[in-house]
Engineer: 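Starting off with a structure, shown below.
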Amino acid sequence: MSSTPTETTPAPPRGLDRDQVAARVARDLLDGYTVNLGVGIPLAVPRFIPEDVEVVLHAENGVLGLGPHPGEGHEDPDLTDAGKKPVSLRPGAAIVDSAMSFAVIRGGHLDVTILGALQVSAAGDLANWYVPGRNPAVGGAMDLVAGTPQVWICMEHVDRKGVPKLVRECTFPLTGARVVTRVYTDLAVFHVEDGGLVLVECAPGVSPETVRRHTEAEYTERLAG
Amino acid sequence: MSSTPTETTPAPPRGLDRDQVAARVARDLLDGYTVNLGVGIPLAVPRFIPEDVEVVLHAENGVLGLGPHPGEGHEDPDLTDAGKKPVSLRPGAAIVDSAMSFAVIRGGHLDVTILGALQVSAAGDLANWYVPGRNPAVGGAMDLVAGTPQVWICMEHVDRKGVPKLVRECTFPLTGARVVTRVYTDLAVFHVEDGGLVLVECAPGVSPETVRRHTEAEYTERLAG
Amino acid sequence: MIDKFRQDLHGHLDAVPDGATVAVGGFGASGRPDALLNALCDLGKTELHLYVNNVGEDFKGVGRLLREGRLRRLTASFPILPEFYEEYFAGRVEFELVPQGTLAERMRAGGAGIAAFYTPSGAGTMLSDGEFALSYRDGHPHTRVEPKETRDFDGRPHVLERGIRADVALVKGHRGDRKGNIRFRRSARNFNPLAGMCGRLTFVEVEEIVDVDVLDPDDIHLPGVFVDHVVMTAEAVPATAHIVRTVPADPRDTTIPTAEEMR
Amino acid sequence: MIDKFRQDLHGHLDAVPDGATVAVGGFGASGRPDALLNALCDLGKTELHLYVNNVGEDFKGVGRLLREGRLRRLTASFPILPEFYEEYFAGRVEFELVPQGTLAERMRAGGAGIAAFYTPSGAGTMLSDGEFALSYRDGHPHTRVEPKETRDFDGRPHVLERGIRADVALVKGHRGDRKGNIRFRRSARNFNPLAGMCGRLTFVEVEEIVDVDVLDPDDIHLPGVFVDHVVMTAEAVPATAHIVRTVPADPRDTTIPTAEEMR
C-alpha cells in the first residue's frame, strides 16, 4: 500500500514538463502514420514531429490531414477540429462525414490515438471520460479506444494531490477495458505487453525507484542498458 | 382446381401486349417518384411516362437519375445501368457507391420498384430470382422487395404453357414474403390489400371471367363502375 | 416537375408534431441548421426528442430549444452546454449518452434500413451496462438507460445498437438544387448527411441554391432522394463558430482533473 | 514522406498468400481492376476466396482467375459467366450467393469495424434458411451455406450478416494522389470504395495520378487512410464494357422463363 494516497504521500516528483512529454511521444511517431489526438498534452505533439516524418492528423468531425491554426483573420468557420478550433488543411487532406470518420476509427485504420487519462490500470484499462458527479460527456473516446490498434496515453504520472494515476484497478468509469498499449508520463514510459505494464524508460534524472514510489499498479521492468 | 394446369388448360388469352402493359404501369407513376426498374417489361416503362411527370430512375449500381441510351458513339464505359447497358444522366443526377445505393433501397427511400416475376402468391409473396436447376443469381432483387414501400409486378398473366403465375402459394423459391403491392398483367391489375389480392381493373376487352379462369390465386374484386 | 425549394418554411415545418423525434446535423455551431431550429422553436414545437451530437456552446440552435423548454429527451455524445446538465440533473430533460461514432452509425443505419448492428464501442462500460441515468428526480437517478445486449465476435465484446429513424431531420448544407441534391463544405459536413438519411421528413437549409446542372453527379454528398424540402437561409455562419466555451472546473476540489484531461 | 505510388506492383502484390480472401471492386467490367487481377493471376496466386459482385461476362479479370482455376470460393450476388456455374456444379469452386445490398453492406461494415448487422434482405428465403448449396459433389449439393440467425425488429424478420474483412482489396479508381486519396468516375464507383475499406491491404489501380493538391478535400471518394498501394494502369477501359451477355435459356423446356423475367 506504499503508493496509496495517505497523509505521507510524497511530494509530486519533478520530471518532464508537458511540452517535453509531447516531444517524447512525437519521437515514436513513424513516417506515414495516421494519428488522432486528444485534447491536453496530445495536442502539443505535432509541434515536435520531425520535418522528415509525415503524419496525417485525423479529427473525429471528419478531417483527415489537419494542419495548424490558419492564422488570425484566416479562420474558416466551416473548418474546425474536433475541439471546434479553426484549423487549416495539409495538401492531400480529405473531408468525410461523421459515419465515415468513425468507420476510419472503429475499423482500425488509424495507426495511433494519443489521449489523456484520469487513470490507467495495470491491465491497460483506461478511464478518461467521466468523473462521477460532474457533467457526463463521451465524444469519440470510446470509439477511439475500441478501434485503434495503438492507444498511447499522455498524462501526469500523479494527480495534483500526488495520487498515482497508474492504478491496480480503475476507480473512475472505464472508457475501455484492456485498450491501452503505451503510457507516457512526466516520469516514465510504459508499454502494455501480454496484459501487463512494462516500464521501458525513465525520464532523464528520474530513478526507477522514484517511478515505483509514485505508481500504484504493478509492473515489470525492461529498461535499456 | 379449375385453374391448375391440365391437358385442358385454356389457350393463352389475348390482352395487352408488353408495351401496353408498360404504358399502363407508367400511368400510375406520380410526379416526383423515385423508381427502380427491373429487366423485361419494366425497362419499357420510361418511354410511356407523360412529359409533365418527372420521375427519378434509380439503378442498383449507384445511379440516381438515369437517362436513355446516349446514342451510338456516345457511350461512356464508366456509365451504365444495372444491366450494364450504356445510359445517360438526367439533369440533377447523383452517383453513389453500392452501399449508399442499397441504403436508398433498403431504407425505403425509393417510392416504387417495378419488377418482373415468375410467380406472385395470393398473399403477395414474390418469386422472381431463381428457377431450381438453373444458374442461381439474385442481384438486388431481395433488397428491392425488402426495402421499397411499393413493389409493382409487371408480368404475363400466364406462362408460355398457359400456367397461371398468380398462384395460391409460390412453388419457386421466394424473393420475399408478402412484399408485392400491385400486379400489372396483360389481362388485369391487382392490388394487394390487407394481405390479399384485389382485382381492380381488367384490360380492355378482357372479362372478369377470363381473368378468373387464368388465375390460380384467390382474390376479391373491386372493379370500377 | 420536381422542385423541392420552399418559400414557406413554417408551413411545411408545422407538419412536425409535438413529441416528434428530430435528427439534427452539425458539430457545435459548425454545420448547425440554425434557421430550421429557430423555425421549430418559433412554431412552438415541444416535447421533442433530439438526436444531435452536441447542444453547442450557446443558446442558439439546440441551445435555444433547451432554454425554451422544448426538449423531452436528448441523445448526444457531448452536450457541452452547462445549462443542459442543469436541466438534466433537475429532472426536466432525459439524457441518452452515446459514443459519437455510435450516434453517427445509428443515424446511417436507420437511414439505410439496417435495424441494428454490433459495435465494440462502449462495450464493458457504463454506457452499455445499464448504469447510466436516463433521468433524474429529486437529485437522484430516477430511470436508467436499458442495458445493451452484448455479444462476442472474433473474441471481443460488441454491443447491439439500434438504427435511428427520426420523424424529421434538420440539415445544414452549403449548396442545393431543386431535386434536393446537397453538397456540404469542409468539416461542416459532419453529421449532416447522416441526419438527412435517417429522417422520414428531411429539411435542408442551404447557403446557395443552384441550377440543376451545376453540381457534378459524382460529387453529391446527400442525394435528393433523401431530401423533402430545401430552404435558403441568408443567415451568415455564426461568428461564434470557433469560440470554445469549456465546462469550468469545480474550484472546491483540486483532485478533479481539468477539462483537458477528460475526453 | 508519404508516397503510396508503386512501380513494382508484382513485388508488393506477392505479399498476398495463397488461400487469401480478396475483396474486388467493379460491377461487371465497369470499374473492374483488371490490371490488379491480372497481376494476381500472373503471380500464380491460387485457392483464393473472392468477394465480388459478379464474375463478369468474359475471361478477363475475375473470369481469368476462374478459368485458370485460382478460385476456392466466390461470394457474389450475380456471377453471370456460365462457365462459373459449370465449375460450381462440378464441385471445383464453392459459391456463397448473397443479396447485392448485403454484399455491399458487409464490405462497408467490415471496413467500419461493425462486426455484424441485421438486414431485412433475404429474410425468409433460401439464401438465409440454410438451403443454398455452398458446394456440389457428384452432381448433388454437398455442403450448405449455414442458416442465418433471424430476429424480428419492428415486427419484421431480419437476418444477421457479418462484416467482411478481406486479406487484400483490389480497387479500380479514376484518379489518385500520393497519399492514396482516390476518386472514381460515374458508375464505375460501385463496389470499389467498399472493397477498399474492407481490405487489410488495399491496392488501387488508377487511370491518372495527380499531384497532392489537385483533388478537392471535399470530393475524395476513398480517403488515403484506407489505401496502401497505388499503381497506374495505362490499360484502356475494356471495349466490352457495355456488351451484355445473357444466360441462354434452356431450349428444352419452354415453361422456363426468359432471363428477362428473372431478377
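Throughout, a chain's letter reflects where its sequence line sits, starting with A, and its residues are numbered from 1. Being a predicted model, the structure only gives us computed values, none of them experimental.
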Engineer: Do other residues, nucleotides or ligands put more than 12 heavy atoms under 6.0 Å from the CD atom of Glu193(A)?
Structural biologist: yes
Engineer: Quick one: what part of Arg200(D) sits under 4.5 Å from any heavy atom of chain A, side chain, backbone, both or neither?
Structural biologist: neither
Engineer: Taking everything shown except Arg151(D) itself, do over 12 heavy atoms lie less than 6.0 Å from its CZ?
Structural biologist: yes
Engineer: Tell me, out of Pro217(D), Ala109(D), Gly113(D), who's got the most heavy-atom pairs with chain A below 4.5 Å.
Structural biologist: Pro217(D)
Engineer: Taking atom CD of Glu208(D) as the centre, report whether more than 12 heavy atoms of other residues, nucleotides or ligands fall under 6.0 Å from it.
Structural biologist: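 Yes, the 6.0 Å shell around CD holds more than 12 heavy atoms from other groups.
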Engineer: Are any non-hydrogen side-chain atoms of Val56(A) and Ile2(D) less than 4.5 angstrom apart?
Structural biologist: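 Sidechains of Ile2(D) and Val56(A): in contact.
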Engineer: Check whether more than 12 heavy atoms from other residues, nucleotides or ligands sit under 6.0 Å from atom CZ of Arg90(A), and answer yes or no.
Structural biologist: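 At most 12 heavy atoms, drawn from other residues, nucleotides or ligands, come within 6.0 Å of this atom.
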Engineer: Of all heavy-atom pairs between Arg108(D) and Ala99(A), which one has the smallest distance, and what is that distance?
Structural biologist: NH2-CB, 4.0 Å
Engineer: For the interface with chain D, which of Gly62(A), Ala93(A), Gly65(A) has the highest count of heavy-atom pairs at distances below 4.5 Å?
Structural biologist: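 Looking at each option in turn, the highest pair count goes to Ala93(A).
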Engineer: Do the side chains of His58(A) and Val225(D) get nearer than 4.5 Å, heavy atoms only?
Structural biologist: no
Engineer: Does the Asp213(D) side chain pair with the main chain of Pro91(A), one donor and one acceptor, at a distance under 3.5 Å?
Structural biologist: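 The answer is no, because no donor-acceptor pair under 3.5 Å joins these two groups.
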Engineer: I'd like to know if the side chain of Asp177(D) reaches the main chain of Gly92(A), judged simply by a donor and an acceptor atom lying under 3.5 Å from each other, with no hydrogens or angles considered.
Structural biologist: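 It does not hold such a pair.
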Engineer: For a quick test of reading the model, state the closest non-hydrogen atom pair linking Met100(A) to Pro223(D) and the distance between them.
Structural biologist: CE-CD, 4.4 Å
Engineer: Does any heavy atom of chain D fall under 4.5 Å from the side chain of Asp31(A), the backbone, both, or neither of them?
Structural biologist: side chain
Engineer: With distance as the sole test, does Lys179(D) use its side chain to make a donor-acceptor pair with the main-chain N or O of Ala94(A) at under 3.5 Å?
Structural biologist: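 It does not hold such a pair.
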Engineer: Atom CZ in Phe226(D), atom CG in Leu64(A): separation rounded to 0.5 Å?
Structural biologist: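 The CG atom of Leu64(A) is 8.0 Å from CZ of Phe226(D), to the nearest 0.5 Å.
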Engineer: Counting N and O atoms only, with roles assigned by atom type, does the side chain of His109(A) sit under 3.5 Å from a partner on the main chain of Gly111(D), one being a donor and the other an acceptor?
Structural biologist: yes
Engineer: Tell me whether Glu221(A) at atom CD has more than 12 heavy atoms from other residues, nucleotides or ligands lying less than 6.0 Å away.
Structural biologist: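 More than 12 within 6.0 Å, yes.
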